[in-house]
Amino acid sequence: MKVLVAIKRVVDYNVKVRVKADQTGVDLANVKMAMNPFCEIAVEEAVRLKEKGVVSEIVVVTVGKKDAQEQLRTALALGADRAILVETEVEAQPLAIAKALKAIADKEGAKLVITGKQAIDGDNNQTGQMLAALMGASQGTFASKVEVAGDSVKVTREIDGGLQTVDLKLPAIVTTDLRLNEPRYASLPNIMKAKKKPLDTVTPADLGVDFTPRTKTLKVEPPADRKAGIKVKTVDELVDKLKNEAKVI
Amino acid sequence: MAILVIAEHDNATVKGATLNTVTAAAKIGGDIHVLVAGAGCGAAAQAAAQIAGVAKVIAVDDAAYANQLPENMSKLIAGLAANYSHVLAPATANGKNFLPRVAALLDVEQISEIQEVVSADTFKRPVYAGNAIATVQSSDKVKVITVRPTGFDAAAATGGSAAVENAGAAGDTGVAKFVGEELAKSDRPELTAAKIVVSGGRGMQNGDNFKLLYALADKLGAGVGASRAAVDAGFVPNDMQVGQTGKVVAPGLYIAVGISGAIQHLAGMKDSKVIVAINKDEEAPIFQVADYGLVADLFAAVPELTGKL
């Protein structure tokens, strides 16, 4: 079975981003970029399925600028077999990305698509669900366990207050949550080998997808500032402040 | 045009997040209709009809919606959406699961987790874990939106008297089957609904020590959360996680115990009204957002605090 893994290049999760003074967005100049953490988990899950013999080939795909090749190479070093970059200078929005992924999934005949539940830049949490809708396929979002058996996949999902298990007919889309696995690090030999693995570039036009944004960002502002309060010296003082000043208990 | 709000419910009752979503709908303006799709959901539909400001409840009672699986829910909602200018759902695990699917079926982008309504087509939403707030404008015909419950006050659960109209189901796609659910049993309030939240971090050292927080929480009638560090270390389950990758809470009082205050955690709690931090490291970043900071050993301070309340 072939599995498609969709990843995204984002600002490294340790970076504290700053809003640009002209309010057009966040400042990405000279900021460390990395694979979205949830997408790392998606790659790892696909590699584990291949190691178990469930998956025969892992195709990793991303939509973005040319420099997103870097994250595709990382995925190749982690165990993906080949990579596809849908190259665009436009800031692609989830529906357009889902359409591009559908075109690739159809072409590749992928039965299973794994992707992160959300990217830590736009925080949309949409693409996997949209892809499932466009493919008329089942979906297992926020997955903490994935078991493929024959022509179905059993997915345990993180829901409010606990876990839910669903049995999905393939083709299916799985989006990953934090507890699904702990991603490995790429070894140096594998990083070297990844440089020789195939990486194809296609354009949105090749896939017949219109990337024109439907949602316009009017401005981006820093959140309301929260000022540090005071330090209290004792538990008694804390209780007094909470009761008599803040009046919250 | 009217606005369709998808209710979060358990067939018997309507969940609190629905009330915040109704308030968001009221800010957009227009008749508010609430969809209650479930199996044996008559009581939930009646409860939805009581919500102040709701003009009509559409009840769809069918086995296909017993567990509100997204494959079936999205088909139903997309079928109803043509009559509406906006479709809103709370940004809960459930709403986030089915609503993007609705958007794709309608060929529109979804606007995720709005925290403010600027106008009928313009909204504010947090990006980059809440480190930036984007104002976005949608040009789509139907606006499909998830609502961050903490951004809006709850509508009154009673006082309304909407008509309940039964509507037909849209069929079972048959591609997904519900197997089971394991819900954590707790007498404490649910994190996102709690008025007071007590959270522990890596400083708790192990899961057993969380009993100190449970004792404090029970004294306060509080929910108990944790930082990602505490979850990653295996102290407590993931559904307790507060932060960018976990739950977003904004209670009246948030007590952070042994939590350093990583960006990812702050994103999930910095809209709390009053923040208390207890940490022995006085340089911990959590003190930069705390209204009241206590530099102390939590193993002494927490039991003392519990005793004095």
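Order of the sequence lines sets the chain letters (A, B, ...), proteins ahead of strands, with each chain counted from 1. No hydrogens, no waters, no symmetry mates; every other heavy atom, side chains included, goes into these values.
With respect to chain B, the highest number of heavy-atom pairs below 4.5 Å among A/Lys219, A/Glu182, A/Lys154, A/Lys99 belongs to A/Lys219. Counting heavy-atom pairs under 4.5 Å between each of A/Asp121, A/Thr175, A/Leu131 and chain B puts A/Asp121 at the top. Of all the listed residues (A/Leu238, A/Val166, A/Thr217, A/Val235), the one sharing the greatest number of non-hydrogen pairs under 4.5 Å with chain B is A/Val235. Among A/Thr215, A/Thr234, A/Asp167, A/Leu170, the residue with the largest count of heavy-atom pairs under 4.5 Å with chain B is A/Asp167. When each of B/Gly246, B/Ala93, B/Gly221 is checked for heavy-atom pairs under 4.5 Å with chain A, B/Ala93 comes out on top. Between chain B and the options A/Ile120, A/Leu242, A/Leu134, A/Ile230, heavy-atom pairs under 4.5 Å are most frequent for A/Ile230. Highest contact tally toward chain A, considering only B/Gln264, B/Arg228, B/Lys273, is held by B/Arg228 [criterion: heavy-atom pairs under 4.5 Å]. Comparing B/Pro70, B/Ala104, B/Pro100 by how many heavy-atom pairs each has under 4.5 Å with chain A, the most go to B/Pro100. Your options are B/Val136, B/Asp271, B/Thr135, and the one with the most heavy-atom pairs under 4.5 Å with chain A is B/Thr135. Chain A forms the most heavy-atom pairs under 4.5 Å with one residue out of B/Val274, B/Leu253, B/Asn238, and that residue is B/Asn238. Annotation: maximal heavy-atom pairing with chain B below 4.5 Å, among A/Pro37, A/Pro94, A/Pro222, occurs at A/Pro94. The choice from B/Ala290, B/Ala296, B/Ser138, B/Gly252 that makes the most heavy-atom pairs within less than 4.5 Å of chain A is B/Ala290.
In this structure, chain A has no heavy atom under 4.5 Å from any part of B/Leu99. For A/Ser152, no part lies near chain B; criterion is any non-hydrogen pair under 4.5 Å. If you measure heavy-atom distances from A/Ala137 to chain B, the contacts under 4.5 Å come from the backbone alone. With a 4.5 Å cut-off on non-hydrogen atoms, A/Ala246 touches chain B through its backbone and its side chain both. Of the atoms belonging to B/Thr146, not a single heavy atom falls under 4.5 Å from chain A. Both the backbone and the side chain of A/Ile159 come within contact range of chain B, each with at least one heavy atom under 4.5 Å from a heavy atom of that chain. For A/Glu237, no part lies near chain B; criterion is any non-hydrogen pair under 4.5 Å. Only the backbone of A/Val15 comes within contact range of chain B, with at least one heavy atom under 4.5 Å from a heavy atom of that chain. When heavy atoms are compared at a cutoff of 4.5 Å, A/Ile249 approaches chain B solely by way of its side chain, counted from C-beta outward. No part of A/Val10 comes within reach of chain B, as not one of its non-hydrogen atoms sits under 4.5 angstrom from that chain. Contacts of B/Gln137 with chain A are made by both backbone and side-chain atoms, with heavy-atom separations under 4.5 Å. Only the side chain of A/Lys243 comes within less than 4.5 Å of a heavy atom in chain B; its backbone stays farther off. In this structure, no portion of B/Ser74 lies under 4.5 Å from any heavy atom of chain A. Residue B/Ile275 touches chain A through both its backbone and its side chain, counting heavy-atom pairs closer than 4.5 Å.
Between B/Glu71 and A/Ser138, the closest heavy-atom pair is OE2-CA, 3.4 Å. Nearest heavy atom pair, residue B/Gly130 against residue A/Asp123, reads N-OD2, 4.5 Å. Between A/Phe142 and B/Asn97, the closest heavy-atom pair is CZ-N, 4.3 Å. Nearest heavy-atom pair across A/Asn14 and B/Ile263 is O-CD1, 4.2 Å. Listed here is the closest heavy atom pair of B/Lys247 and A/Gly161: NZ-N, 4.2 Å. Residues A/Gln164 and B/Asn67 approach most closely at NE2-O, 4.2 Å, considering heavy atoms.
Put simply, the side chain of A/Pro213 does not reach to within 4.5 Å of the side chain of B/Glu109, judged on heavy atoms. Annotation: side chain of A/Gln139 is in contact with side chain of B/Arg101 (closest heavy-atom distance under 4.5 Å).
Counting heavy atoms of neighbouring residues, nucleotides and ligands inside a 6.0 Å radius, atom NZ of B/Lys195 does not exceed 12 of them. Crowding of B/Lys219 atom NZ: a count of heavy atoms from other residues, nucleotides or ligands under 6.0 Å exceeding 12. Within a 6.0 Å radius of NZ in A/Lys2, more than 12 heavy atoms belonging to other residues, nucleotides or ligands are found. For CD of B/Glu182, the number of neighbouring non-hydrogen atoms (other residues, nucleotides, ligands) closer than 6.0 Å is 12 at most.
Looking at A/Gln126, its side chain does come within 3.5 Å of a backbone N or O of B/Gln110 through a donor-acceptor pair. With hydrogens and angles disregarded, no donor-acceptor distance shorter than 3.5 Å links the side chain of B/Glu181 to the backbone of A/Leu163. Under a 3.5 Å cut-off, the side chain of A/Gln129 and the backbone N or O of B/Lys96 do form a donor-acceptor pair. Within the 3.5 Å criterion, the main-chain N or O of A/Gly122 finds a donor-acceptor partner in the side chain of B/Arg125.
Between B/Asp107 and A/Arg214, at least one side-chain nitrogen of the basic residue sits less than 4.0 Å from a carboxylate oxygen of the acidic one, meeting the salt-bridge criterion. Under 4.0 Å is where a charged nitrogen must lie from a carboxylate oxygen, and between A/Arg226 and B/Asp291 at least one such pair does.
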>> Before you tell me yes or no, could you show the steps for A/Leu95 and B/Val108 under side chain to side chain contact (heavy atoms under 4.5 Å, CB included), namely the whole-Å CA-CA distance, both residues' side-chain angles and the distance that decides it to 0.1 Å?
In response: CA-CA 7 Å; A/Leu95 182 62; B/Val108 302; 5.6 Å; no
>> If you apply the rule side chain to side chain contact (heavy atoms under 4.5 Å, CB included), what do you find for B/Tyr128 with A/Val26, and how did you get there?
In response: CA-CA 9 Å; B/Tyr128 290 93; A/Val26 301; 3.4 Å; yes
> How far apart are the C-alpha atoms of A/Asp160 and B/Asp239, what are their side-chain angles, what is the distance that settles it, and do they pass the side chain to side chain contact (heavy atoms under 4.5 Å, CB included) test?
Replying inline: CA-CA 7 Å; A/Asp160 293 334; B/Asp239 61 322; over 6 Å; no
>> Determine whether B/Val289 and A/Lys227 satisfy the following criterion, side chain to side chain contact (heavy atoms under 4.5 Å, CB included), listing intermediate values before the conclusion.
In response: CA-CA 6 Å; B/Val289 301; A/Lys227 288 194 178 62; over 6 Å; no
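In this structure, CG on B/Leu294 lies 10.5 Å from NZ on A/Lys233, to the nearest 0.5 angstrom. With rounding to the nearest 0.5 Å, the separation of OG in B/Ser112 from CD in A/Gln118 is 8.5 Å. Taking CD from B/Gln241 and CG from A/Leu178, the interatomic distance works out to 5.5 Å, rounded to the nearest 0.5 Å. Note that the CG atom of A/Asn124 and the CD atom of B/Glu113 stand 9.5 Å from one another [nearest 0.5 Å].
Heavy-atom proximity under 4.5 angstrom to chain A picks out B/Ala301, B/Glu304, B/Leu305, B/Lys308, B/Leu309 from residues 298-309 of chain B. Residues of residues 16-25 of chain A placed with any heavy atom under 4.5 Å of a heavy atom in chain B are listed by number as A/Lys16, A/Val17, A/Val19.
Judged by the 6.0 Å distance and 45° axis criteria, A/Lys231 is not positioned over the aromatic ring of B/Tyr292.
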